Amino acid sequence: MAHDLQPVRGTRDLIGDDARRHFHVVDVARRIAATYGFDEWSTPIFEQTGVFARGLGDTSDVVMKEMYTFPDRGGESLTLRPEATAGICRALVSNGLTQSLPQKVFYTGPMFRYERPQKGRYRQFHQIDIEVLGSGEPLADAEVIACGWAILKALDVAKDVVLELNTLGDPESRAAYRTALITYFSAYKDQLSEDSQARLDRNPLRVVDSKDPGDKALVANAPTIHPYLNAASAKFYDDLRRHLDRIGVPVVENPRIVRGLDYYSHTAFEFVTSALGAQGTVLGGGRYDGLVEEMGGPHTPCVGWAAGVERLAMLLDAAPAAPKGVAVIPVGDAAEAVALDVVQALRDAGIRAEMGYRGTVKRRMERANRTGARAAIILGEAEIARGVAQLKDLETGDQAEVAIADLVSKLA
RNA sequence: GCGGAUGUAGCUCAGCUGGCAGAGCGCCAGGUUGUGGUCUUGGAUGUCGCGGGUUCGAGCCCCGUCGUUCGCCCCA
């Protein structure tokens, strides 16, 4: 393949089965989210760089080294969004919606991160997002998680996935835990991996989800957050677990779950699978009470998650079947006009129908078969003169004469 | 950003120690002047990812580069 026709590294085309898998995931998520009372938003694919730089926090890798940031022709620094939440929060504030809370938002679209591509990890990838903006109640967390679980069930991938749940507590609890972790790990600093030593300074919570085998031994004896939760945070977490239990969402508590982005507090969760190699998180999120304020809006507690469409699409057992239409086949030029009327009547009735642009009957039948048509309507001049057509069922091979006027009702 | 594997027809892949680029599937045409799937006959495939080097000669060896992939990192 010529170099200049190669798709850009980490991007890909969605065609055929790949496209059907992708859109099936999005369609199902959109449908289920609507059922939970979420409204779909759409915001720009790029924002002023500050929206992400301020929103995601300056310790995250996403901000430090993965953003597609560029000056536009006016000299303003813009960034292709690496995730959806910051843009949604910006839109909430820009549109004055902090006056009408809560807002329940469904979102889907492409995101961009300059990472080393791998299976399930692309530079342009797609997410589905659910956010409840403006509620600090654990019921909102429960609803958001339940909606995610419902989508995974509707996609029939829930069997491969478990929900891992943790709490990060409120800022006070989190700060206390942070201090405890620094104290604990500092005693073993030289035994930690190089990566974790760096994390210890930058973002000590991240040390507890290290995959380094040496670190894991130390992490196993590290304190969990629970003793450091203040009363309000502990109650919040208890309430959430009670709600999830009531709704029937199976939970595995995992005190090692820490979200990558800085703005989280209280609830943190991931739906994980072992079926996708290193890219095990299929849906992840949590509560981010400080983000809107961080961005310059009023204090607005929020909770939400993002799911990777590509990862979900890979978990699907099989690609959804291609739609089956009806092939209308004229025999001879004079029949084409009537055939055109027939296709139009079928389409007007909501039936997927196609008439080939050219070709012999044989060619048109071959195409009908190849494209998975369920039936063929063969229209010859002799039939047209009598007001009938041959209707052939392409699965059984049965063929019968049907009045042209009855074709639509026969195929509905 | 780091380490490993890999790249040959539209697809999946074979190609020996360096010696004329192949198979299956798919595609195109015929067997069927108005009927698909099965069968049958014939046909077309290509910058061997790209660029250098070694050699009488490179798909094969060497260097570089681009893409993919596995792990790390990070994350959805």
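Quick note on labels: first sequence line is chain A, next is B, and so on, each numbered from 1. Predicted model, so just to flag it, every value in this text is computed and none were measured.
- Using the six-membered ring where Trp is involved, Tyr288(A) and Tyr264(A) have ring planes that are perpendicular, over 60° apart on the 30 and 60° scheme.
- Between Arg367(A) and Glu354(A), at least one side-chain N (NZ, or NE/NH1/NH2) sits under 4.0 Å from a carboxylate O, which counts as a salt bridge.
- Remark: Arg81(A) is not positioned above the aromatic ring of Phe46(A), lacking an NZ or CZ atom under 6.0 angstrom from the ring centre and at most 45 degrees off the axis.
- Comparing the same atom, P, in A21(B) and in U45(B) gives a spacing of 14 Å after rounding to whole Å.
- If Ala382(A) and Arg199(A) are placed on RNA chain B by their nearest nucleotide, the residue sitting closer to the 5' end is Ala382(A).
- Between Arg90(A) and Glu47(A) there is a salt bridge, since at least one side-chain N of the basic residue sits less than 4.0 Å from a carboxylate O of the acidic one.
- C2(B): Watson-Crick or G-U partner is G71(B), with both key distances under 3.5 Å.
- Taking 4.0 angstrom as the limit, Arg363(A) places a side-chain polar atom (N or O) nearer than this to OP1 or OP2 of A29(B).
- Gly10(A) comes within 4.0 angstrom of the backbone, heavy atoms only, and of no base.
- G46(B) and G64(B) have their C1' atoms separated by 24 Å, given to the nearest Å.
- Nucleotide U33(B): unpaired (no Watson-Crick or G-U wobble partner with both distances less than 3.5 Å).
- In the interface, the side chain of Asn369(A) is not paired with the base of G37(B) through any donor and acceptor atom under 3.5 Å apart.
- What separates CG of Asp18(A) from P of C11(B) is a distance of 13 Å, to the nearest Å.
- The partner of U55(B) cannot be assigned: no Watson-Crick or G-U wobble pair with both contacts below 3.5 Å exists in any strand.
- Distance Glu270(A) CD to C75(B) C1': 9 Å, rounded to the nearest Å.
- Atom pair Glu366(A):CD and U38(B):C1' shows a separation of 13 Å (rounding to whole Å applied).
- On the C1' atoms, U8(B) is 7 Å away from G59(B), given to the nearest whole Å.
- The pair Arg374(A)-Asp393(A) does not meet the salt-bridge criterion, since no charged nitrogen lies less than 4.0 angstrom from a carboxylate oxygen.
- A salt bridge between Asp317(A) and Lys159(A) is present, with a side-chain N of the basic residue lying under 4.0 Å from a carboxylate O of the acidic one.
- Annotation: G7(B) and C48(B) have their C1' atoms spaced 9 Å apart (nearest Å).
- Searching all strands for a Watson-Crick or G-U wobble partner of G46(B) with both distances below 3.5 Å returns nothing.
- Taking atom C1' in both A58(B) and U17(B), the straight-line distance is 14 Å, to the nearest Å.
- By the 4.0 Å N-to-carboxylate-O rule, Arg256(A) lies too far from Glu164(A) to be salt-bridged with it.
- With U69(B), A76(B), U35(B) as the choices, the nucleotide that has an atom nearest any side-chain atom of Arg121(A) turns out to be A76(B).
- Searching all strands for a Watson-Crick or G-U wobble partner of G7(B) with both distances below 3.5 Å returns C66(B).
- Base pairing analysis places C13(B) opposite G22(B); the two distances defining the Watson-Crick or G-U wobble pair are each below 3.5 Å.
- For the 3.5 Å distance criterion, the side chains of Gln390(A) and Glu383(A) qualify, holding a donor opposite an acceptor.
- For the P atoms, the distance linking C11(B) with G71(B) amounts to 25 Å, nearest Å.
- A salt bridge links Glu366(A) to Lys362(A): one of the charged nitrogens lies within less than 4.0 Å of a carboxylate oxygen.
- Across all strands, Phe271(A) comes closer than 4.0 Å to no nucleic acid atom at all (heavy-atom distances).
- Using a 4.0 Å cut-off on heavy atoms, the residues of residues 302-325 of chain A that approach RNA chain B are Ala306(A), Gly308(A), Arg311(A), listed by number.
- Residue Arg206(A) has a polar side-chain atom (N or O) positioned under 4.0 Å from OP1 or OP2 of C75(B).
- The two atoms that bring Val132(A) and Lys104(A) nearest to each other are CG2-CG, 4.1 Å, heavy atoms only.
- Residue Leu283(A) is in sugar-phosphate contact alone, with no base atom involved, counting any heavy-atom pair closer than 4.0 Å across all strands shown.
- Classification of Asp156(A) and Lys153(A) as a salt-bridged pair fails, no side-chain N sitting under 4.0 Å from a carboxylate O.
- One interatomic measurement links the two molecules: CZ of Arg123(A) to C1' of U69(B), which rounds to 14 Å at whole-angstrom precision.
- Separation of the C1' atoms belonging to G30(B) and C13(B) is 30 Å when rounded to the nearest angstrom.
- Looking at Arg116(A), its side chain has no donor and acceptor atom pair within 3.5 Å of the base of G71(B).
- A14(B) and U54(B) have their C1' atoms separated by 27 Å, given to the nearest Å.
- Proximity note for Lys362(A) (side chain, C-beta onward) versus A76(B), G36(B), C73(B): the nearest is G36(B).
- When distances run from any side-chain atom of Arg113(A) to the nucleotides G36(B), C2(B), C75(B), the shortest one goes to C75(B).
- Evaluation of the side chain to side chain donor-acceptor pair (under 3.5 Å) rule for Ser210(A) yields Asp215(A) as partners, not counting sequence neighbours.
- With respect to the salt-bridge test (charged N to carboxylate O, under 4.0 angstrom), the residues Asp18(A) and Arg21(A) do not qualify.
- The distance between atom CG of Leu192(A) and atom P of C72(B), rounded to the nearest whole Å, is 18 Å.
- Here C75(B) presents its P atom at 16 Å from CZ of Phe269(A), a figure rounded to the nearest Å.
- Side-chain proximity of Arg370(A) to the nucleotides G36(B), C27(B), C70(B) is greatest for C27(B).
- If you take NZ of Lys119(A) and P of U6(B), they are 18 Å apart, rounded to a whole angstrom.
- Taking every heavy atom of residues 390-409 of chain A and every atom of RNA chain B, pairs under 4.0 Å involve Gln390(A), Lys392(A), Leu394(A), Glu395(A), Gly397(A), Gln399(A), by number.
- Residue Glu194(A) is classed as having no contact, given no heavy-atom separation below 4.0 Å to the nucleic acid.
- Here Gln118(A) lies in heavy-atom contact (under 4.0 Å) with a base.
- Computed from coordinates, the Asp215(A) CG to C72(B) P distance equals 13 Å when rounded to whole Å.
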